[in-house]
Amino acid sequence: MTARPAALSLSAARALLGVTPDADERELRKAYREAAKRAHPDRPTGDAALFRDVLAAYRLLQDTPIVRTTFPPVVASAAPVSDRVFLEIDIATAVAGGSQDVDIDGRRLRLKLPAGLRDGDRVRVDGVLFEARLRGQDGALVRGSDLWLTGKVDPRVLAEGGRVEADTPLGPRLAWISTKAAARGLVRLPGQGLPARAEHKAGDLFLRLEAAEAGAESPARSLLKRFAAAWAA
């Protein structure tokens with residue numbers, strides 16, 4: 001992937017909210033409310049991306065121990081705490097795995113991401129703890145371990161049932177559906193959601209079926225036509 005993922009370190013999170021390392025929960029909450037109010041998309045000067053970053057910064061700092069600076073550093077030396085960085089990954093990477101380049105603190109890290117990452121799962125690379133955040137997309141979403149996809153199918157399949165090849169944001173998906181499932185427009189495929197990983201069991205795939213637009217041709221029908229033409233020749 002060539003896109004650079006969003007990464008938020010502790011120092012960046014504090015700068016975004018305008019708080020110091022020893023800010024208590026009350027100060028942190030007040031700073032978050034002010035920053036969120038300024039960045040809210042409903043305001044004329046708001047920005048949706050900045051609003052998401054403000055929320056991510058607040059969540060990160062909520063889970064981070066307060067660093068007290070009132071004592072001289074010579075009294076005791078605490079073990080360094082690695083920054084936890086939020087890493088946005090798309091649903092396709094969550095399903096199949098992949099690699100991403102991340103720039104952080106002047107370094108570029110190549111992350112090898114395993115298949116089956118869930119929202120909140122953590123991966124440690126070179127002393128940095130990355131926490132996965134799944135990025136939604138039109139026609140595809142993840143609920144726990146289950147994958148929900150919207151697929152375009154031949155309108156006749158929705159009326160008759162049978163074998164279906166649905167065009168989805170993550171590529172074609174094959175299924176046999178009953179007339180009841182066709183009428184309902186939803187079919188469940190056990191074990192075809194996010195793959196099993198660590199303590200996570202494999203999820204299910206819920207395929208929402210929508211009729212393809214008139215004139216649109218499914219990949220399966222296109223392949224059948226090419227085969228028939230080659231056979232006739």
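Quick caveat, the model's predicted, so the values are computed rather than measured.
Within the model, atoms NE2 of H200 and CZ of R118 stand 5.5 Å from one another, a figure rounded to the nearest 0.5 Å. Of the inter-residue distances, the one linking L61 atom CG with E25 atom CD reads 10.0 Å to the nearest 0.5 angstrom. Remark: K152 NZ to L209 CG distance equals 11.0 Å, nearest 0.5 Å. How far CD of Q192 is from CG of L174: 9.0 Å, rounded to the nearest 0.5 Å.
Nearest heavy-atom pair across V54 and A35 is CG1-CB, 3.9 Å. Summarising the geometry of L60 relative to F86, their closest heavy-atom pair is CB-CE1, 3.5 Å, with the distance given to 0.1 Å. The heavy-atom pair separating G151 from L207 by the smallest distance is N-CD1, 4.3 Å. For the residue pair L17 and A31, the shortest heavy atom distance occurs at O-CB, 3.4 Å. When all heavy atoms are compared, the tightest approach of T168 to L149 is OG1-CD1, 3.7 Å. A94 and P195 make their closest contact through O-CD, 4.2 Å (heavy atoms, listed as atom of the first residue, atom of the second, distance).
D204 places no side-chain N or O within donor-acceptor distance of the main-chain N or O of G193, the cut-off being under 3.5 Å.
A heavy-atom distance below 4.5 Å is not found between the side chains of V102 and R108. Residues L194 and D146 fail the side-chain proximity criterion, which asks for heavy atoms closer than 4.5 Å. A 4.5 Å side-chain heavy-atom check between L111 and L87 finds at least one atom pair inside the cut-off. With contacts defined as side-chain heavy-atom distances shorter than 4.5 Å, the pair L117/I89 qualifies.
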Side chain to side chain contact (heavy atoms under 4.5 Å, CB included) for L129 and V85? Distances and angles first, verdict last.
CA-CA 6 Å; L129 187 62; V85 178; over 6 Å; no
Step-by-step side chain to side chain contact (heavy atoms under 4.5 Å, CB included) determination, L170 to L147
CA-CA 11 Å; L170 302 184; L147 177 63; 4.1 Å; yes
Should K201 and S145 be marked as a side chain to side chain contact (heavy atoms under 4.5 Å, CB included) after you check the CA-CA gap, both sets of side-chain angles, and the distance that decides it?
CA-CA 7 Å; K201 296 181 179 180; S145 295; over 6 Å; no
Verify side chain to side chain contact (heavy atoms under 4.5 Å, CB included) between R135 and I91, making sure each step is shown before the conclusion.
CA-CA 7 Å; R135 183 171 59 244; I91 294 177; over 6 Å; no
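No continuous path of hydrophobic side-chain contacts links F51 to Y58 [ILVMFWY only; heavy atoms under 4.5 Å]. Note on L55 and L28: same hydrophobic cluster, where clusters join Ile, Leu, Val, Met, Phe, Trp and Tyr whose side-chain heavy atoms are under 4.5 Å apart, directly or indirectly.
L186 forms part of a hydrophobic cluster together with L141, W148, F206, judged by ILVMFWY side-chain heavy-atom separations under 4.5 Å.
Between R133 and E88 there is no salt bridge, since none of the side-chain N atoms of the basic residue sits less than 4.0 Å from a carboxylate O of the acidic one. Between D121 and R197 there is a salt bridge, since a side-chain N of the basic residue sits under 4.0 Å from a carboxylate O of the acidic one. A salt bridge is absent between E27 and R29: the closest approach of a Lys/Arg side-chain nitrogen to an acidic carboxylate oxygen does not fall below 4.0 angstrom.
Remark: R208 pairs with no residue by the salt bridge (charged side-chain N to carboxylate O under 4.0 Å, His left out) rule, at least two apart or across chains.
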